[in-house]
2 protein chains.
Amino acid sequence: MAKQPNVPITEHLAYLLAQANREINRQLELRLSKEGVPVEQWRILKVLSDGDGHSMGELADAVLLNHPTLTKMIDRMVSDALVYRVQDPNDRRKVLMFISDRGKVLCRKLNSLAVDQEEHILESYGDKSTSELKRLLESLIDSSN
Amino acid sequence: MAKQPNVPITEHLAYLLAQANREINRQLELRLSKEGVPVEQWRILKVLSDGDGHSMGELADAVLLNHPTLTKMIDRMVSDALVYRVQDPNDRRKVLMFISDRGKVLCRKLNSLAVDQEEHILESYGDKSTSELKRLLESLIDSSN
DNA sequence: CTTCAATTCTTGAATATTCAATATTTTCAA
DNA sequence: TTGAAAATATTGAATATTCAAGAATTGAAG
């Protein structure tokens, strides 16, 4: 059997992704903390801001949280009057989530903080690299399904 | 004031990174679960497998965990006799971590599972895309410091 | 129609992570 | 040399996440 070459951890795609994600997420977190909102809540508000009702399952997929975690986060957001639940009339197992007016106001503020960050990345990292990286990430995600 | 265009969440770099990271990590987790080891422990073993002693702070940075989380994970790994602590003789505030023989054996098995995954990615995603993605990620990480 | 499996969401207990505070050691200025 | 500040690691309490089980509803086969 051939000896495995010992690949340093920094050369693994999984590690590079984790590292990049951690760093970018940390920066975004820092911005959003101005409004005292965790990144996941921004994602939720953003997905719901199309005004349509989204079931919990759909939301969980979209915002990269598993179901129980989402349920508990939504509980908090309902307390803060950012979103509200409506039973789906067509399938009463489902709960449809909607964004409130208060949620919309907050979401706009958060969007602009997030856009700030993207612009900051564009400056230091470059236009070309950024769009190329996005393209490659999308295609990686595609090829993983 | 100009109206902000409403960028869909799927176009944010932060989101794409989170999504890709989640997916790749999930796959790796699945492989490593064959040996019942979380991804973070594999990272720790891998970093320590140079045989040198690494302080907790150094390790925490390298494996993307914050200090208290690492301390507790190391406690478990010490119980499993995968690693051990030695007080740094040159600076007694520090603790140097070392990998045990048992840890080395496990690390080799894990490495080969991880290499399997990388190869699987190479197949479905392509050689060229993979190395280009790695390059871009490294440069993003660089530009963020 | 009835029943049983599948789907959807929530709950509670177990587990893990984080924050703030602590203990220890080192550094360095006075 | 002394004492205050910084660096390092750990601990315990507060918080968050996850796993497994449960409740409600739907779907679909017999």
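Quick note on labels: first sequence line is chain A, next is B, and so on, each numbered from 1. Predicted model only: the values in this text are computed from it and were never measured.
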**Study point:** Nucleotide nearest A:K94 when distance is taken to its side chain, options C:dT10, D:dT10, C:dC9
**Key:** C:dC9

Tabulate atom names and distances for all N/O pairs under 3.5 angstrom spanning the protein and nucleotides 14-18 of chain D.
from	atom 1	to	atom 2	distance (Å)
D:dT18	OP2	A:N66	OD1	2.9
D:dT18	OP2	A:N66	ND2	3.3
D:dT18	OP2	A:T69	OG1	3.0
D:dT18	O4	A:K72	NZ	2.4

Review point. Okay, side chain of A:S100, backbone of A:A81: is any donor-acceptor separation there less than 3.5 Å?
Key: yes

Point to revise | A:V63 backbone acceptor or donor facing A:R43 side chain under 3.5 Å | key: yes

For residues [X] and [Y], report the shortest heavy-atom separation together with the two atoms involved.
X      : Y      : value
A:L59  : A:H54  : CG-CB, 4.3 Å
A:I99  : A:C107 : CD1-CB, 4.4 Å
A:E138 : B:T10  : OE2-O, 4.3 Å
B:W42  : B:L110 : CD1-CB, 3.4 Å
A:H12  : A:P8   : CD2-O, 3.7 Å
A:E11  : B:K134 : O-NZ, 2.9 Å

Check your understanding: Residues from residues 28-36 of chain A sitting under 4.0 Å of DNA chain C, heavy atoms only?
Key -> none

What is the separation between atom [atom1] on [X] and atom [atom2] on [N], rounded to the nearest whole Å?
X     : N      : atom1 : atom2 : result
B:H67 : C:dA21 : NE2   : P     : 18 Å
A:I74 : C:dT11 : CD1   : C1'   : 16 Å
A:M97 : C:dC9  : CE    : P     : 11 Å
A:M56 : C:dT11 : CE    : C1'   : 13 Å
B:L70 : D:dT8  : CG    : P     : 14 Å

Practice item. Give the B/S/- string for nucleotides 21-29 of chain D, one per nucleotide from 5' to 3', where a protein heavy atom under 4.0 Å of the base yields B, of only the sugar-phosphate yields S, and otherwise -. Key: ----BS---

Exercise for review: Run the numbers on A:L70 and A:I44 for side chain to side chain contact (heavy atoms under 4.5 Å, CB included), then give the verdict.
Suggested key: CA-CA 9 Å; A:L70 178 63; A:I44 293 170; 3.7 Å; yes

Check your understanding: Have B:Q27 and B:E23 got a donor and an acceptor in their side chains that come within less than 3.5 Å?
Key -> yes

Check your understanding: Got a second to check how far B:L122's CG is from B:S129's OG, nearest 0.5 Å?
Key -> 10.0 Å

Check your understanding: Between B:S55 and D:dT8, does any side-chain N or O lie under 4.0 Å from OP1 or OP2?
Key -> no

**Study point:** Under 4.0 angstrom between B:R85 side-chain N/O and D:dA9 OP1 or OP2
**Key:** no

